[in-house]
Chemist: 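Mind having a look at this structure? Questions to follow.
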Amino acid sequence: EVHAEATEAFAGLFGRRYGPIETYRTEDADVVLVMAGSFSTKGKAAVNRWRAAGKKVGLVRLRLIRPWPAAELVAALGGRHAVGVIDQNLSPGLGGILFHEVAATLAGASNRPAVLRSFIGGLGGKEISPAEFDHVLDVLEAAGLNGSPVAPDLLMTEAEWQQVQGRLAVAGKAVAENLVAEAHP
């Protein structure tokens, strides 16, 4: 109720109205990304690029976290083939924080998406590259066809992956072959 009141007051002053979520090109989207904050601008650019290539992709930007906009999310994400939540945070042992909120919200929905995946990117303010967004879409499009893994997908560029491998080598740790294959198919 407080958010609705603040929205109306803001609209009266500035002529613009912002709801708890923003939907972008979701009308006919089969795949939808969920993001929060300014990184959503990069997500919209990726959506535009994919739309130009004929892919039905959209984006939901969370504008409000508390109170959690459960009804709005169910309405925006229900009936989609795949939803990818891109978090800019990490809860050790669990993955992204928003992913778990979205998953809990959709768990009881009768029209929940067939696929729901967690991606972690932009940690520490790092940019999410177009190639990383392309990886997200590739994973979401393939999910359900090959039995998608449950673990969060940590987004990084090839150069960043090489840095990780170098640091593990210095620490005397070997990178498991299956991890390499999952990170860079």
Side-chain angles (χ1 to χ4, degrees), residues 16 18-65 69-70 72-90 95-103 105-106 109 111-162 180-185:
R16 295 186 310 265
Y18 299 108
I21 67 168
E22 172 191 356
T23 58
Y24 184 73
R25 301 189 82 170
T26 59
E27 302 79 25
D28 64 342
D30 295 323
V31 175
V32 177
L33 302 181
V34 177
M35 301 179 74
S38 62
F39 274 95
S40 300
T41 302
K42 298 251 182 217
K44 288 178 183 178
V47 166
N48 290 338
R49 204 166 33 84
W50 297 327
R51 284 286 180 158
K55 297 183 183 267
K56 292 181 178 181
V57 184
L59 183 137
V60 169
R61 176 184 180 190
L62 292 162
R63 292 188 175 275
L64 179 69
I65 305 296
E72 291 86 349
L73 284 171
V74 169
L77 301 176
R80 310 302 175 162
H81 167 69
V83 171
V85 180
I86 302 178
D87 274 295
Q88 292 173 248
N89 55 57
L90 184 63
I97 295 167
L98 293 178
F99 170 77
H100 292 283
E101 297 273 358
V102 172
T105 298
L106 296 174
N111 63 345
R112 67 181 169 269
V115 173
L116 180 62
R117 287 292 310 270
S118 173
F119 300 88
I120 311 292
L123 294 176
K126 178 191 128 353
E127 294 290 325
I128 300 175
S129 72
E132 290 168 305
F133 276 110
D134 289 344
H135 171 76
V136 169
L137 182 59
D138 290 345
V139 167
L140 291 172
E141 287 182 328
L145 302 177
N146 58 7
S148 71
V150 177
D153 200 327
L154 183 59
L155 303 174
M156 62 180 75
T157 63
E158 185 63 34
E160 291 163 341
W161 178 245
Q162 295 302 323
V180 172
E182 287 177 16
H184 297 282

Chemist: Going by the salt bridge (charged side-chain N to carboxylate O under 4.0 Å, His left out) test, which pairs reach into residues 27-40, not counting sequence neighbours?
Modeler: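 Passing the test, one end in residues 27-40: D28-R51.
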Chemist: If I take atom CG from residue L98 and atom CG from residue N89, how far apart are they, to the nearest 0.5 angstrom?
Modeler: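 Separation between the atoms: 5.5 Å.
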Chemist: Within the 4.5 Å heavy-atom criterion, are F39 and I128 side-chain neighbours or not?
Modeler: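 Touching, per the 4.5 Å side-chain cut-off.
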Chemist: Given side chains that start at C-beta, do those of L106 and L73 come closer than 4.5 Å, heavy atoms only?
Modeler: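 No, every pair of side-chain atoms sits at 4.5 Å or beyond.
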Chemist: Are L123 and L154 packed together at the side-chain level, in the sense that at least one heavy-atom pair is separated by less than 4.5 angstrom?
Modeler: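 Side-chain contact under 4.5 Å: yes.
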Chemist: Going from OH on Y24 to CE on M35, what distance comes out if it is rounded to the nearest 0.5 angstrom?
Modeler: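 Answer for the OH-CE pair, Y24 versus M35, is 13.0 Å.
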Chemist: Which pair of heavy atoms, one from S118 and one from G96, lies closest together, and at what distance?
Modeler: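 Taking S118 first and G96 second, the nearest heavy atoms are OG-N, 4.0 Å.
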Chemist: Got a second to check how far R49's CZ is from D134's CG, nearest 0.5 Å?
Modeler: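 One gets 4.0 Å once the value is rounded to the nearest 0.5 Å.
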Chemist: Does R117 qualify as a cation-pi partner of F119, given the criterion of NZ or CZ under 6.0 Å from the six-membered ring centre and within 45 degrees of its axis?
Modeler: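 Satisfied, under 6.0 Å and within 45°.
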Chemist: Over all heavy atoms of both residues, which pair between V47 and V57 is shortest? Give the atoms and the distance, please.
Modeler: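 Nearest heavy atoms, V47 then V57: CG1-O, 3.3 Å.
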Chemist: With a 4.5 Å limit on heavy-atom distance, are the side chains of L59 and T26 in contact?
Modeler: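 No, every pair of side-chain atoms sits at 4.5 Å or beyond.
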Chemist: Take K126 and E132, measure what salt bridge (Lys or Arg N to Asp or Glu O under 4.0 Å) needs, and give me the verdict at the end.
Modeler: CA-CA 12 Å; K126 178 191 128 353; E132 290 168 305; 3.1 Å; yes
Chemist: So does K56 have more than 12 non-hydrogen atoms from other groups sitting under 6.0 Å from NZ?
Modeler: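 No - once you tally the heavy atoms of other residues, nucleotides and ligands closer than 6.0 Å, there are 12 at most.
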Chemist: Once rounded to the nearest 0.5 Å, what's the spacing between atom OG1 of T23 and atom CG of L77?
Modeler: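 It comes to 10.0 Å.
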Chemist: Contact between I120 and F99 at the side-chain level, heavy atoms closer than 4.5 Å - yes or no?
Modeler: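 Result no, sub-4.5 Å side-chain heavy-atom pair not found.
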Chemist: Mind listing the closest non-hydrogen atom pair of W50 and F133 along with its distance?
Modeler: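 Residues W50 and F133, closest heavy atoms: CZ2-O, 3.1 Å.
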Chemist: Strictly by side-chain hydrogen bond (donor to acceptor under 3.5 Å, both in side chains), give each pair with a member in residues 32-43 just once, sequence neighbours left out.
Modeler: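 Listed by first then second residue: K42-E127.
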Chemist: Are L33 and L140 side-chain neighbours, meaning at least one heavy-atom pair lies under 4.5 Å?
Modeler: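 They are in side-chain contact.
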Chemist: Determine whether N48 and R25 satisfy the following criterion, side-chain contact (heavy atoms from CB on, under 4.5 Å), listing intermediate values before the conclusion.
Modeler: CA-CA 9 Å; N48 290 338; R25 301 189 82 170; 2.9 Å; yes
Chemist: Just how far is it from atom CG of L116 to atom CZ of R80, taken to the nearest 0.5 Å?
Modeler: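 Those atoms lie 13.5 Å apart.
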Chemist: For K55 and V31, what are the C-alpha separation, side-chain angles and deciding distance, and is it a side-chain contact (heavy atoms from CB on, under 4.5 Å)?
Modeler: CA-CA 9 Å; K55 297 183 183 267; V31 175; over 6 Å; no
Chemist: What I want to find out is whether E72 reaches R63 closely enough, with some N-O distance under 4.0 Å, to be called a salt bridge.
Modeler: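 No salt bridge links E72 with R63.
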